[in-house]
Amino acid sequence: MLGPFETVVKGRAVDLGGPQLRGVLARLVIVPGRTVSVAALAAELWGVWPPADAHRTVRTYVSRLRTALRSAAGAEGLLVTRPPGYQLRVDPMTVDAVRFERLAASGRQALDAQQPQLALERLTAALGLWRGDAFAEFNHHPAIAAEATWLERSRLSAIEARIEAALVLGCEAQAAVELEGLVRAHPARERLWGQLMTALYRSGRQAEALSAFQTARAVLIKEYGVEPSPGLVEIHRQVLHHDAALSRGAGVSSRRPAFAAAGTDMRAVPDHDSPVVPSGAAV
């Protein structure tokens, strides 16, 4: 899921068929081990104007996918019928997005526990699972696209946490280089701006840190019609007055300012109320 969508069995990528079959599997793997209705699959593939035989076509696609998975994985029961639809029965840990989320959560927990080195290692491992944009080929599939958006926000959150750990460990010079690119790509992420200001200040570049705040403020006002949040304003004050709380070794993780919410990271994927049963394929 974290890059070009593919199914891998024993290290070998498996060709499961055309875009519609791949769309069915992608929709099922969003909620591994849970039931997705035929109606939901039809809506995913054709939107509000499905063909008259949409449900029959979905069943045909599922049958073809079941045969391909059985042939590739050498196992029965990967894709099963569960009224009112179908269920992909795989161990969640064979799904890269699930492994990413658990590693990232573990990394954030380590950061909260004042274990920055462990946090850095786990967050780096989590982000290393990404191979490109999640579900890039499914932009016109609503539930899959929503999941891709959620995953990208989760990825950015993990990047921010990893950089925070790096700053605690004194890696401000390397962090500043990365952050300069990140704020250009994601100008609404105030936490990134605050981290850039912190990294620049700790690198002895106070003037550039103050300039970064002015750039952030101008972007936020022009593009989003808002002033910087109190958290970003506080970092600006700390830079301006050489506040000891911002110096190296002060412990970024123990003094996190409150930034404005970057958006509501919600996933709405219906038809998922069945248990997970482990198996051997990885998606």
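Residue indices begin at 1 and follow the sequence shown.
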Do the side chains of Arg89 and Leu78 get nearer than 4.5 Å, heavy atoms only? no
Trace of the side-chain contact (heavy atoms from CB on, under 4.5 Å) decision for Arg108 with Ser157: CA-CA 10 Å; Arg108 285 189 286 267; Ser157 177; 3.7 Å; yes
Side chain to side chain, Arg59 and Tyr86, heavy atoms closer than 4.5 Å: yes
Hydrophobic clustering (ILVMFWY, side-chain heavy atoms < 4.5 Å, transitive) - are Leu88 and Val9 grouped together? yes
Exceeds 12 heavy-atom contacts within 6.0 angstrom, atom CZ of Arg217: no
Less than 4.5 Å apart, any side-chain heavy atom of Glu152 and any of His186? yes
Could you tell me which non-hydrogen atom of Leu167 sits nearest to which non-hydrogen atom of Ala199, and how far apart they are? CD2-CB, 3.9 Å
List the steps and the verdict of side-chain contact (heavy atoms from CB on, under 4.5 Å) for Arg66 and Thr81. CA-CA 10 Å; Arg66 184 180 285 130; Thr81 301; 3.4 Å; yes
Taking the side chain as every heavy atom from C-beta outward, state whether Gln115 and Leu111 have any pair of such atoms under 4.5 Å apart. no
For Arg202 and Val168, the nearest pair of non-hydrogen atoms, with its separation, is NH1-N, 4.4 Å
Please test Gln87 against Arg34 for side-chain contact (heavy atoms from CB on, under 4.5 Å), starting from the C-alpha separation and ending with a verdict. CA-CA 5 Å; Gln87 179 187 113; Arg34 298 180 180 180; 5.7 Å; no
Close side-chain approach of Arg102 and Val98, heavy atoms under 4.5 Å: yes
Taking every non-hydrogen atom, the tightest pair across Ala148 and Ala134: CB-O, 3.4 Å
Answer whether the closest heavy-atom distance between the side chains of Pro4 and Glu137 falls below 4.5 Å. no
If you measure from CG on Leu28 to CD1 on Ile144, what distance do you get to the nearest 0.5 Å? 9.0 Å
Check the pair Phe100, Trp130 against ring pair (Phe, Tyr, Trp, His ring centres under 6.0 Å), reporting the backbone distance first and the verdict last. CA-CA 8 Å; Phe100 161 74; Trp130 285 75; 5.6 Å; yes
List for me each residue that meets side-chain hydrogen bond (donor to acceptor under 3.5 Å, both in side chains) alongside Tyr201, sequence neighbours excluded, and say none if there are none. His242
Quick one: pull up CG in Leu232 and CZ in Phe213 and give me the separation to the nearest 0.5 Å. 5.5 Å
So does Thr67 get a backbone contact from the side chain of Ser71, meaning a donor-acceptor N/O pair under 3.5 Å? no
Quick check on the hydrophobic clustering: are Leu156 and Leu123 connected, directly or via other members, by side-chain heavy-atom contacts under 4.5 Å? no
Interatomic spacing from CG in Asp15 to CD in Glu6 - rounded to 0.5 Å: 11.5 Å
Are Val62 and Leu21 connected, step by step, through hydrophobic side chains (Ile, Leu, Val, Met, Phe, Trp, Tyr) whose heavy atoms are closer than 4.5 Å? yes
Determine yes or no for a side-chain-to-main-chain donor-acceptor pair under 3.5 angstrom, with Thr124 supplying the side chain and Glu121 the backbone. no
For a salt bridge (Lys or Arg N to Asp or Glu O under 4.0 Å) check, start with the C-alpha distance between Arg205 and Glu180, then their side-chain angles and the critical distance, and finish with the verdict. CA-CA 13 Å; Arg205 300 157 65 183; Glu180 286 170 347; 3.5 Å; yes
For Leu41 versus Val24, what's the shortest heavy-atom pair and its separation? CD2-O, 4.1 Å
Enter the distance from Leu25:CG to Thr7:OG1 here, rounded to the nearest 0.5 Å. 4.5 Å
With a 6.0 Å cut-off (strictly less than), is the heavy-atom count around CZ of Arg184, excluding the residue itself, greater than 12? no
With a 4.5 Å cut-off on side-chain heavy-atom distances among I, L, V, M, F, W and Y, is there a chain of contacts connecting Ile221 to Leu196? no
Are Ile163 and Leu129 in one and the same hydrophobic cluster, where Ile, Leu, Val, Met, Phe, Trp and Tyr link if side-chain heavy atoms are under 4.5 Å apart? yes
Pairwise side-chain contact, Met1 with Leu151, heavy-atom cut-off 4.5 Å (strictly under): yes
Listed partners of Gln109 passing side-chain hydrogen bond (donor to acceptor under 3.5 Å, both in side chains), at least two apart: none
Rounded to the nearest 0.5 angstrom, the CH2-CG distance for Trp193 and Leu182 is 11.0 Å
Considering only NZ, NE, NH1 and NH2 on the basic side and carboxylate oxygens on the acidic side, decide whether Arg56 and Asp53 come within less than 4.0 Å. yes
What's the shortest heavy-atom distance between Asn139 and Ala145, and which atoms? O-CB, 3.9 Å
To check you understand the geometry: which heavy-atom pair defines the closest contact between Arg27 and Ala40, and what is its length? NH2-CB, 4.3 Å
Measure the spacing between CD of Glu190 and CD of Glu160 and express it to the nearest 0.5 Å. 10.5 Å
Salt-bridge present (Arg162, Glu178; N to O < 4.0 Å): yes
Give a yes or no on whether a salt bridge exists between Arg22 and Glu44, defined as a side-chain N under 4.0 angstrom from a carboxylate O. no
Hey, does the side chain of Gln20 reach the backbone of Tyr61 with a donor-acceptor pair shorter than 3.5 angstrom? no
